[in-house]
Enquirer: 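This is the structure I have questions about; it appears just below.
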Amino acid sequence: METRLQFLIDQARKEITEITSLNELQSRKSHYIGKKSPFTELMKQLKELPKEERPEFGKKINIAKNQLQLMITEKESSLKQLAYETSLSDNIVDITMPGRRRNKGALNPINKVWREIEDVFISMGFDVAEGYDIEDEFHNFDALNTPQDHPARDLSDTFYIDNNILLRTQTSTVQIRVMENHQPPIKIIAPGRCYRNDNDASHSPAFHQVEALVVDEGISFADLKDVLNLFVKRLFGQNIESRIRPHFFPFTEPSAEIDIVCLKCLGKGCNLCKGQGWIELGGAGMVDPNVFDKLGIDSEKYSGYAFGMGIDRVAMLKYKIPDMRMLFENDIRFLKQFK
Ligand code: DAH
C-alpha cells in the first residue's frame, strides 16, 4: 500500500508538471481531488491494514492529497498568468489604425446667428445684458409704457403664470432691468428667449429676440439709423441695404419698423418678400421720455434709442429656412447642413 501511494504521488506530480492548458488542468484536478479519486480509494482500503498502522497511513494519504492540491493551485495561477501575457502580446495595439469616427452634432442655426449678432455688436462697443424669462407685468408692460388695455397683454398672447407673473413676451424687459440699475451712458444688447401663444410656420411659442438700448446725452435718430445700417451689412452682406418705416410701439417715440432688402431677389420682388422687395426685420425707435421718467433717468438730459428683432427670423432669412419649426426640432439631418 505504501508503494501504491508513492506511485500515485509520483504519477500525479509528473502529470501536473506536464500540463500546459487550463482546461486540461481542470479535468485532472477533478480526477485527483474529486470523490472518486485514487486517494479516496486508498482511504477505503485502510481497513485492510493492521489497526495500529491505520492512523499513521491515513495521515500520509491526507498530506499527499494536500500537497497535490497546493501544486494544482500553483499550476493554475501560473497558467492564468501565461494566458494573460500571451493575450497581451497577441493583441498588440496598432496605433497607426484610424480611430473610430464619432457622430458629432452641429450648432443650431439659432445659436450660430446669436453668436454672430453678439460678435457684431461687441465689436461696436456694446455690452451683453441679461434679464429673466419669468417676469412681472411691470417689466414686461407697465414700465414699457404699455397701457392696461393694450391687446398684447391679452391672455391669448401672453402666458401668465400667476396674476402678475408671466413669461416675458419680449426682450424689451431687459431695457427696464438695465435702466433700473444703471445711469447712462448705457450701450447694451440683450439676446434671450421670449414666449407668446403663437404657433405656425413663422411663429413658435418660445422664440428668440435680441434687444438693443443706447442711452446717453445727445443720442439721435441718426445714430440709430447708422448702427442699424452697419449691423445689417455686417450680418447679411455689404450689398444689403436697410430702411426704416414709421410705426407704433408704446415705449418708443417716434417708432419705426426696420426693413432689409429681400435677400432672395435683392429688391426685385419675389414670393419671399411678397413682391415688396423688402423684408421686415424688427422694431426700433427713440426711447419714450415716459419710460425714462418711470425709472428716474433725467429725460431732459438724456435721450436714447432702442431696437429689437427676432433671432430665429434672422436665422431663417440668412439660411433660407422655410419653416420656423425646423429650428426647434433638432433633427440631426437638418442641423448637419449648418456645419
Ligand atoms: N419688443 C418689440 C416686439 O417684440 C420689438 C421692439 C420694437 C423692440 C421697438 C424695441 C423697439 O426695442 O424700440 O415686437
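All values below come from the heavy atoms of this structure, side chains included, with hydrogens, waters and symmetry mates left out. Ligands are counted one by one from 1 in listed order, and the atoms in each one are counted from 1 as well.
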Enquirer: Carefully, step by step, assess Q170 and Q209 under the rule side chain to side chain donor-acceptor pair (under 3.5 Å).
Expert: CA-CA 7 Å; Q170 49 188 351; Q209 281 189 341; 6.0 Å; no

Enquirer: Can you tell me if G282 contacts ligand 1 (heavy atom of the residue under 4.0 Å from the ligand)?
Expert: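 Flag not set, G282 not near ligand 1.
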
Enquirer: Which residue and non-hydrogen atom of the protein lie closest to atom 11 (C) of ligand 1, and at what distance in Å?
Expert: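 For this ligand atom, the closest protein heavy atom is F251 CE1, 3.4 Å.
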
Enquirer: Using the six-membered ring wherever Trp is involved, compare the ring planes of Y32 and F39 and label them parallel, tilted or perpendicular (cut-offs 30° and 60°).
Expert: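 Rings of Y32 and F39: tilted, 30 to 60°.
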
Enquirer: Output yes when a side-chain donor or acceptor of S37 lies under 3.5 Å from a complementary backbone atom of H31, and no otherwise.
Expert: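 It does not hold such a pair.
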
Enquirer: Assign the ring pair F334 / F338 to parallel, tilted or perpendicular, where the plane angle (0 to 90°) is split at 30° and 60°.
Expert: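 Rings of F334 and F338: perpendicular, as their planes differ by over 60°.
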
Enquirer: Report yes if A306 has an N/O atom closer than 3.5 Å to an N/O atom of ligand 1; otherwise report no.
Expert: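 Yes - when backbone and side-chain N and O of A306 are compared with those of ligand 1, one distance drops under 3.5 Å.
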
Enquirer: Could you list which atoms of ligand 1 come closer than 4.0 Å to a heavy atom of Q209?
Expert: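 Atoms satisfying the 4.0 Å criterion: 3 (C), 4 (O).
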
Enquirer: For ligand 1, which atoms, with element, lie under 4.0 Å from some heavy atom of S172?
Expert: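 Under 4.0 Å from S172, ligand 1 has these atoms: 1 (N), 8 (C).
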
Enquirer: Does only the side chain of F307 get under 4.0 Å from ligand 1, or the backbone, or both, or neither? Count heavy atoms.
Expert: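 Only the backbone of F307 comes within reach of ligand 1.
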
Enquirer: Measure centre to centre between the rings of F292 and Y302, then say whether the value is under 6.0 Å.
Expert: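 No, they do not, as the ring centres are separated by 6.0 Å or more.
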
Enquirer: In ligand 1, which numbered atoms sit nearer than 4.0 Å to a non-hydrogen atom of Q175?
Expert: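 By the 4.0 Å cutoff, the relevant atoms are 12 (O).
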
Enquirer: Against heavy atoms of G285, which atoms of ligand 1 measure under 4.0 Å?
Expert: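 Contacts of ligand 1 toward G285, numbered from 1: 13 (O).
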
Enquirer: Ignoring hydrogens and geometry, is there a side-chain-to-backbone donor-acceptor pair from D223 to D226 under 3.5 Å?
Expert: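 No; zero donor-acceptor contacts below 3.5 Å.
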
Enquirer: To the nearest 0.1 Å, how far is atom 12 (O) of ligand 1 from its closest protein heavy atom, and which atom is that?
Expert: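 Result for atom 12 (O) of ligand 1: E211 OE2, 2.6 Å.
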
Enquirer: Is a donor from one side chain sitting under 3.5 angstrom from an acceptor on the other, for H203 and R196?
Expert: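 R196 and H203 do not have a side-chain donor-acceptor pair below 3.5 Å.
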
Enquirer: Looking at T17, is its backbone amide N or carbonyl O close enough to the side chain of K75 to form a donor-acceptor pair, meaning the two atoms are under 3.5 Å apart?
Expert: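 Checking the backbone N and O of T17 against the side chain of K75, a donor-acceptor pair under 3.5 Å is found.
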
Enquirer: With heavy-atom distances below 4.0 Å as the criterion, list the atoms of ligand 1 near F249.
Expert: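 Near F249, meaning under 4.0 Å from one of its heavy atoms, ligand 1 has 7 (C), 9 (C).
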
Enquirer: Decide, yes or no, whether a salt bridge links E56 with K59 under the criterion of side-chain N to carboxylate O below 4.0 Å.
Expert: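 The answer is no: the pair does not qualify as a salt bridge.
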
Enquirer: For atom 2 (C) of ligand 1, what is the closest protein heavy atom, and at what distance to 0.1 Å?
Expert: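 Going atom by atom, the protein heavy atom closest to atom 2 (C) of ligand 1 ends up being Q170 OE1, 3.7 Å.
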
Enquirer: Given that the side chain starts at C-beta and the backbone is N, CA, C, O, which of these parts of R196 lies under 4.0 Å from ligand 1, counting heavy atoms, or is it both or neither?
Expert: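 The answer is the side chain of R196.
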
Enquirer: Is ligand 1 under 4.0 Å from a heavy atom in the side chain of Y305, in the backbone, in both, or in neither?
Expert: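 Within the 4.0 Å criterion, Y305 makes no contact with ligand 1.
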
